[in-house]
Amino acid sequence: MKTLDTKGLKCPQPLIMLKEALLDLKSGEEIRVETDNDTSLKNLLSYLKDQGVEPEVSSAGTVHTLVAPKPDQDIASSNAAIYCTTDLPISYVVCIKGELMGDGDPELGRLLMETFMDNLKLQEQLPTHVVLYNGGVKLAMKDSPVCNSLTELEELGTRIMLCGTCIDHYGLQFDIGVGMISNMVVITETLAAAGHVVTP
Amino acid sequence: MDKKFDLLSTVEYGGCSAKLPAGLLSEVLSKLPLAKDPKLLVDVDTHDDAGVYKINEETALIFTTDFFPPICSDGYEFGEIAAANALSDVYAMGGTPLLALNLMMFSHELIPLDVFGEILKGGQDKVTEAGALIVGGHTIDDHPPKYGMAVVGTVHPDQLITNAGARPNDILVLTKSIGTGALVSGEKNRLCTPEDYRRALRQMKHLNKHGASMALKYGVRSMTDITGFGLAGHAMKMAEASGVSFRIHTPQIPLLPGAYLVYEKGSIPGATFRNLEFTGKHIHCSRSVDYNMKMLVHDAQTSGGLLMAVNPDHAGILIEELNSIDPEVSAVEIGEVIPESPRRIYFE
């Protein structure tokens with residue numbers, strides 16, 4: 001395993017060295033970084049965690065040693081020009097029209113919706129957006145059984161988009177637990193630009 | 001041995017990235033009683049750019065200060081940048097600067113005295129350009145050096161532009177490119193071209209004067225200047241003060257040439273990480289926002305641009321007119337104001 005000795009160096013030198021060294025590694029291959037600067041350690045960890053990597057840290061005296069595998073290639077950051085002009089290769093938007101999944105017994109519809117959301121966040125390819133309108137906005141309220149699932153999706157970078165008119169109509173302005181209030185212009189644009197739309 | 005003294009050699013942090021972490025500042029300020037007076041139109045409560053005091057129906061006084069350690073090697077340029085940065089808080093309230101006092105910390109034993117003179121000259125020239133007057137100042141012996149100003153300006157009370165007036169559907173306009181922190185870091189670590197660094201210096205010296213006059217002309221409702229807390233941090237404070245949220249189109253954010261590459265190489269200043277910690281859960285980045293952009297919106301700016309919330313009917317003409325009367329600015333629409341949502345800023 002390659003070891004980077006960054007002792008005595010201050011921020012941002014250790015991160016510069018780490019990023020340079022990572023270029024030569026294969027995906028999953030590990031690297032060890034030594035630092036004696038607390039801020040640098042914190043910033044290295046912040047960077048790696050942001051790339052989806054959980055580094056192992058051990059400290060002896062003032063020296064911290066961090067071991068981490070090379071993060072998977074970040075498609076968006078690998079090329080700034082591509083990032084600016086195109087979207088991710090395959091994208092989809094999930095469109096939620098009401099509180100229930102499918103027609104029939106409401107109890108069953110509620111349960112199905114909960115299960116759908118639980119499974120959605122586990123997908124390898126996550127939706128770029130979850131758009132909620134009409135009764136669907138109620139799912140994003142603080143007391144909704146799927147509020148936590150939607151929050152987890154948001155943490156993972158999915159934009160949860162709520163129909164503002166619908167929020168107003170149901171008088172839910174003060175109950176929102178997750179999501180960005182939007183309008184029909186943006187919702188229409190989002191649905192029209194989606195690679196495909198999934199409607200449970 | 002008449003090699004020019006390099007001011008950057010005196011500091012590890014420079015410019016606004018020398019700010020106390022925002023979270024710590026809020027913690028300290030929250031324990032102090034707020035000064036309250038009916039004549040105080042803007043106090044520290046909304047984390048605005050300056051304090052504003054109404055003298056009479058025609059005039060309100062804008063009072064502000066800012067100072068920091070060297071951001072560049074040359075004394076004259078450091079003076080210009082520090083002055084432009086201090087004056088900017090007056091412009092950000094829609095005001096006109098009138099008077100300034102120099103604030104200087106300088107050790108004549110460690111730095112040649114002519115550097116002192118150069119810094120003051122740079123500050124003076126910038127204040128003159130702004131149409132204001134330097135009426136004195138104060139110096140104490142300290143190292144590394146720090147320079148800045150306390151500035152007084154005026155505004156008609158009805159034309160005051162605070163950070164608390166943004167309303168849903170307003171268009172967000174940013175008047176300068178992002179990335180001064182990146183390029184200063186890039187210069188120190190030799191990861192950017194001299195041209196790109198010079199361009200960043202030029203932008204930092206540039207007054208927000210025309211931006212402020214356009215904001216007044218087109219009745220801008222809310223404005224702030226982007227400095228040490230980065231675009232994300234200042235946008236967050238503005239959205240919070242206004243009781244709204246912002247949706248920002250990240251690919252539309254103008255970047256200084258070279259800034260992205262500096263971050264890609266890992267030369268990300270500590271201030272950026274501190275700002276990221278400060279905004280925390282209050283901001284959200286879509287998956288389409290890559291890591292470097294997420295960090296660049298937290299890049300601490302020195303003498304950054306104005307962020308305005310503009311009536312949608314006026315945004316296009318304001319941008320066009322500002323860019324034509326002031327070729328040094330690059331005003332663009334970067335997003336819009338949306339109703340208050342669980343997070344303050346949504347980057348996509």
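Everything numeric here is computed off the predicted structure, so don't read it as measured data. What you see below is based on every heavy atom in this structure, not just the backbone, and it leaves out hydrogens, waters and symmetry mates. Each chain gets a letter, A, B and so on, in the order the sequences are listed, and its residues count up from 1.
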Q: Give, as side chain, backbone, both or neither, the part of Ser286(B) having an atom under 4.5 angstrom from any heavy atom of chain A.
A: both

Q: May I ask you to decide if Ile16(A)'s main-chain N or O and Lys265(B)'s side chain share a donor-acceptor pair within less than 3.5 Å?
A: no

Q: Working to the nearest 0.5 Å, report the span between CZ of Arg287(B) and OG1 of Thr158(A).
A: 3.5 Å

Q | Over 12 non-hydrogen atoms of neighbours within 6.0 angstrom of NZ in Lys7(A) | A | yes

Q | Which atoms of Gln252(B) approach chain A - backbone, side chain, both or neither, heavy atom under 4.5 Å | A | neither

Q: Could you tell me which portion of Leu162(A) (side chain, backbone, both or neither) has an atom closer than 4.5 angstrom to a non-hydrogen atom of chain B?
A: neither

Q) More than 12 foreign heavy atoms under 6.0 Å from CG of Asp103(A): is that the case here? A) no

Q) Can you tell me if CZ on Arg199(B) sees more than 12 non-hydrogen neighbours from other groups inside 6.0 Å? A) no

Q | Region of Ile338(B) that comes under 4.5 Å of a non-hydrogen atom in chain A | A | side chain

Q. Which atoms of Gln173(A) come close to chain B, meaning under 4.5 Å heavy atom to heavy atom: side chain ones, backbone ones, both, or neither?
A. neither

Q. Does any non-hydrogen side-chain atom of Pro269(B) lie less than 4.5 Å from one of Pro12(A)?
A. no

Q) Using a heavy-atom distance cut-off of less than 4.5 Å, which residues of residues 106-122 of chain A contact chain B? A) none

Q. Got a salt bridge between Lys42(A) and Glu277(B), using NZ or NE/NH1/NH2 to carboxylate O under 4.0 Å?
A. yes

**Q.** Tyr47(A)-Tyr291(B) aromatic ring centre distance below 6.0 Å
**A.** yes

Q | Leu261(B), part contacting chain A, at a heavy-atom distance under 4.5 Å | A | neither

Q. Can you list the steps and then say if Ile176(A) with Glu340(B) is a side chain to side chain contact (heavy atoms under 4.5 Å, CB included)?
A. CA-CA 10 Å; Ile176(A) 304 169; Glu340(B) 187 168 37; over 6 Å; no

Q) Sub-3.5 Å donor-acceptor pair from the side chain of Tyr346(B) to the main-chain atoms of Gly179(A), do we have one? A) yes

Q.
I need the residue from Leu15(A), Leu18(A), Ile181(A), Leu23(A) with the largest number of non-hydrogen atom pairs under 4.5 Å to chain B.
A. Ile181(A)

Q. So how far is it from Ser267(B) OG to Lys19(A) NZ, rounded to the nearest 0.5 Å?
A. 10.5 Å

Q.
Heavy-atom cut-off 4.5 Å, strictly under: side chain, backbone, both or neither for Phe246(B) against chain A?
A. neither

Q: Answer yes or no: does atom CD of Glu56(A) have more than 12 heavy-atom neighbours from other residues, nucleotides or ligands under 6.0 Å?
A: no

(Q) Donor-acceptor pair, distance only, cut-off 3.5 Å: does the side chain of His284(B) make one with the backbone of Glu154(A)? (A) yes

Q) Rounded to the nearest 0.5 Å, how far does OG of Ser341(B) lie from CD1 of Ile167(A)? A) 8.0 Å

Q. So, are Glu155(A) and Arg343(B) salt-bridged, with charged N and O less than 4.0 Å apart?
A. yes

